[in-house]
Amino acid sequence: MSDETINELILRRHEKLKEFRDKGMDPYGEKYPAAHQAAEILNDFEALDGKEVSISGRLMTKRGHGKAGFANIQDDTGQIQVYARLDDLGKDNYECYQLLDIGDIIGVQGSVFKTRKGEVTVAIKDFRLLSKALRPLPEKWHGLKDVDLRYRQRYMDLIVNPEVKKVFILRSKIIQAMRDYLNERDFLEVETPMMHTVTGGADARPFITHHNTLDIDLYLRIATELHLKRLLVGGYNKIYELGKVFRNEGISTRHNPEFTSLEVYQANTDYFDMMSLTEEMIHKISRQIFGSSSITYQGEEMDLTPPWPRLTMLEAVKKYADVDFSTIITDEDSREVAQKMNLEIDKKATRGEIINLIFEEYVEKHLGQPIFILDYPIEVSPLAKRKKEDPGFTYRFEAFMACSEIANAFTELIDPVDQKERFTKQAEKRAAGDEEAHMMDEDFVTALEYGMPPAGGLGIGIDRLIMLFTDSPSIRDVLLFPTMRPRD
RNA sequence: GGGCCAUUAGCUCAGUUGGCAGAGCACCUGACUUUUAAUCAGGGUGUCCCAGGUUCGAGCCCUGGAUGGCUCACCA
């Protein structure tokens, strides 16, 4: 906002800045020893009635009555009314009070009382200007609605829209609860590199950056998976990483180029154990933070009580798309089915790819209540262990809620020879133009060759989960500073 | 990237058939010492997103562009 649109409102505030200085009050003062907070005074009125308190916060409203006036001060805990009287403040201080603008941050010291109408109020004995606001705040009643401005100038959104502030407090609490859950169970939080020489762990196009001294291009990570598994090779048995990953793809209400993922790995477990962990952790967070086993998202109530229903992908496709792949065995027959369903497919599409496509087209939209979908085709699961009894599928599940994938997990592929073959197939796809296919990660295969213990792994899209918990329709509502195209 | 919609005062929004640019809040002046969307009297503060075009005349119609929202595609 460097384009100084010096309009009358801003100009007037600059004048007041000078007036405060002329009156000997520093408009950008020092730290204020506030001993109380707004919510505390409101809650403990009985104890504080008639007592001296001090608070600091932002002036949000002002109601003048000549030789007295009311105002509301907003601090981190909420708003409280203050009362200024000429008789209490004296002529000079009262003139200063009258000079205050909505938006200014002030420190107030005074005594607590209740007005005739019953509102807990602080009668000001002394106040100090702590920070003069030079720009006017949005309107008090409608707040700031323009979503563009809300995202670009989130600080303003947070000042005037209290429910927005709540969302991010909840976000913090949910993430904290996850950490607590895992830490209590002796998982170790680790940090792995965000800049990779080879990307992997997900189907996605990466961001590319450059290291000057090494003179090499680096990729911002698209997942934490391959490094975390290296740590299982190294001997850690229970680890997790919670952090940002970056995918160079479209932006939508469900996608932001950078987002937060949680990945958890545990030796000597399989995907059934990861299912238990997923449903138990999410249920427990809901109980702990919202005091309920169910949440309501966009009008639909969802029961999080474990165990969640489980369907294999084949069962789900049969149930919702009415296609029974137990009798469709070859790739040719599968392609024929896909054509009959008017699905756009590649000439070389395999049975597994078609099953996955039908699942995405016909099944996902039905998965409103929490559910685990098990056993994904091997073609779309290059890092998951092959099913012993059905080698075209893997021990992989995804958890769905509100028709949205919120977790992805598998019994990890630990066979280095199989892994190398899968990478080779992915590399072929990549060479054929599929920019989202996985890259060959030689070092990861080498790590597996030293022996990785059998393990289950789990990934959760934290932002999507927080959308559900906070009933937010857009991922931007749970990101403090969502990615925006720059102005001009 | 495609489609649809939006963009007017600091904020929230009206704006008729193409004919002087509007309201509420905020702000400014005055009154008011327990108000609370304070009230009362007065004041309109503007690059109508940008650039062209049509027209005697454009906030409005046309073309192109910018940004955002929704949606489809892609993904998580």
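A, B, ... follow the sequence lines: proteins, then strands. Residue 1 opens every chain. Since we're looking at a predicted model, the values are computed, not measured.
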Enquirer: Expressed in whole Å, how much space separates the P atoms belonging to A6(B) and G52(B)?
Expert: 24 Å

Enquirer: Rounded to whole angstrom units, what separation is found between the CE atom of M401(A) and the P atom of A76(B)?
Expert: 19 Å

Enquirer: For E344(A) and C74(B), give me the distance from atom CD to atom P, rounded to whole Å.
Expert: 9 Å

Enquirer: Check this one for me: any side-chain N or O of R152(A) less than 4.0 Å away from OP1 or OP2 of G68(B)?
Expert: yes

Enquirer: In B/S/- notation, 5' to 3', how is nucleotides 28-38 of chain B contacted by protein heavy atoms closer than 4.0 Å?
Expert: S---BBBBBBB

Enquirer: Can we call the ring centroids of F359(A) and F400(A) under 6.0 Å apart?
Expert: yes

Enquirer: Work out how far the P atom of A37(B) is from that of A73(B), and round it to whole angstrom.
Expert: 47 Å

Enquirer: May I ask you to say whether R230(A) pairs ionically with D441(A), meaning some side-chain N is under 4.0 Å from a carboxylate O?
Expert: yes

Enquirer: Within the pair R135(A) and G10(B), is there a side-chain N or O less than 4.0 Å away from OP1 or OP2?
Expert: no

Enquirer: Among the candidates G10(B), G68(B), C13(B), find the nucleotide nearest to the side-chain atoms of L9(A).
Expert: G10(B)

Enquirer: Distance between the P atoms of C5(B) and G64(B), in whole angstroms?
Expert: 14 Å

Enquirer: Under 4.0 Å, heavy atoms only, any strand: does N256(A) hit a base, just the sugar-phosphate, or nothing?
Expert: base

Enquirer: Using the C1' atoms only, state how far A14(B) lies from G22(B), rounded to an integer number of Å.
Expert: 7 Å

Enquirer: Can you measure E435(A) atom CD to G1(B) atom C1' for me and round it to whole angstrom units?
Expert: 14 Å

Enquirer: Tell me the stems RNA chain B sits in, counting at least three consecutive Watson-Crick or G-U wobble pairs, each under 3.5 Å on both distances.
Expert: B:1-7 with B:66-72, B:10-13 with B:22-25, B:27-31 with B:39-43, B:49-53 with B:61-65

Enquirer: Write out all pairs satisfying ring-ring contact (aromatic ring centres under 6.0 Å, His included) with one or both partners inside residues 45-64 of chain A, taking only residues at least two apart or from two chains.
Expert: none

Enquirer: Quick one: R247(A) CZ to A73(B) P, roughly how many Å, whole number?
Expert: 19 Å

Enquirer: Checking D92(A) now: which residues fulfil salt bridge (Lys or Arg N to Asp or Glu O under 4.0 Å) with it, not counting sequence neighbours?
Expert: none

Enquirer: Measuring only the P atom in each nucleotide, how far is U16(B) from A23(B)? A whole number of Å is fine.
Expert: 16 Å

Enquirer: Between atom OG1 of T253(A) and atom CZ of R476(A), what is the distance when rounded to the nearest 0.5 Å?
Expert: 8.0 Å

Enquirer: Can you tell me if N7(A) touches the phosphate of G10(B), counting only side-chain N or O atoms and a distance under 4.0 Å to OP1 or OP2?
Expert: yes

Enquirer: With sequence neighbours excluded, tell me which residues meet salt bridge (Lys or Arg N to Asp or Glu O under 4.0 Å) with D270(A).
Expert: none

Enquirer: For R310(A), is there an ion pair with E279(A) - N to carboxylate O distance below 4.0 angstrom?
Expert: yes

Enquirer: For atom C1', what is the distance between U29(B) and G57(B), given to the nearest Å?
Expert: 38 Å

Enquirer: Tell me the interatomic distance from L100(A), atom CG, to C27(B), atom P, rounded to whole angstroms.
Expert: 12 Å

Enquirer: Is D146(A) touching bases, backbone alone, or none of the nucleic acid, heavy atoms closer than 4.0 Å?
Expert: sugar-phosphate

Enquirer: R396(A): what forms a salt bridge (Lys or Arg N to Asp or Glu O under 4.0 Å) with it, not counting sequence neighbours?
Expert: E398(A)

Enquirer: Between E241(A) and T224(A), is any side-chain donor less than 3.5 angstrom from a side-chain acceptor?
Expert: no

Enquirer: Applying a 4.0 Å non-hydrogen cut-off, can you work out what L149(A) is touching in the nucleic acid: base, sugar-phosphate, or nothing?
Expert: sugar-phosphate

Enquirer: Once you apply a heavy-atom cut-off of 4.0 Å, does S261(A) come out as touching a base, just sugar-phosphate, or nothing?
Expert: nothing

Enquirer: Would H36(A) and D44(A) count as a side chain to side chain contact (heavy atoms under 4.5 Å, CB included) here? Give the steps.
Expert: CA-CA 11 Å; H36(A) 303 81; D44(A) 297 344; over 6 Å; no

Enquirer: The side chain of D203(A) is closest to which nucleotide in this list: G69(B), A76(B), U71(B)?
Expert: A76(B)

Enquirer: Indicate whether the side chain of Q81(A) and that of Y83(A) have a donor and an acceptor atom separated by less than 3.5 Å.
Expert: no

Enquirer: Using atom C1' of each nucleotide, how far apart are G53(B) and G69(B) to the nearest Å?
Expert: 29 Å

Enquirer: Given atom CG of L242(A) and atom C1' of A76(B), what is their separation to the nearest angstrom?
Expert: 15 Å

Enquirer: Using the P atom as the point on both nucleotides, what is the distance between U12(B) and U54(B), in whole Å?
Expert: 36 Å

Enquirer: Select from R254(A) and R485(A) the residue whose nearest nucleotide in RNA chain B is closer to the 5' end of that strand.
Expert: R485(A)

Enquirer: To the side chain of S474(A), which of U67(B), C70(B), A76(B) is closest?
Expert: C70(B)

Enquirer: To the nearest Å, give me how far apart CG (L144(A)) and C1' (A9(B)) are.
Expert: 15 Å

Enquirer: Atom CG of D148(A) to atom P of C11(B): distance rounded to whole Å?
Expert: 11 Å

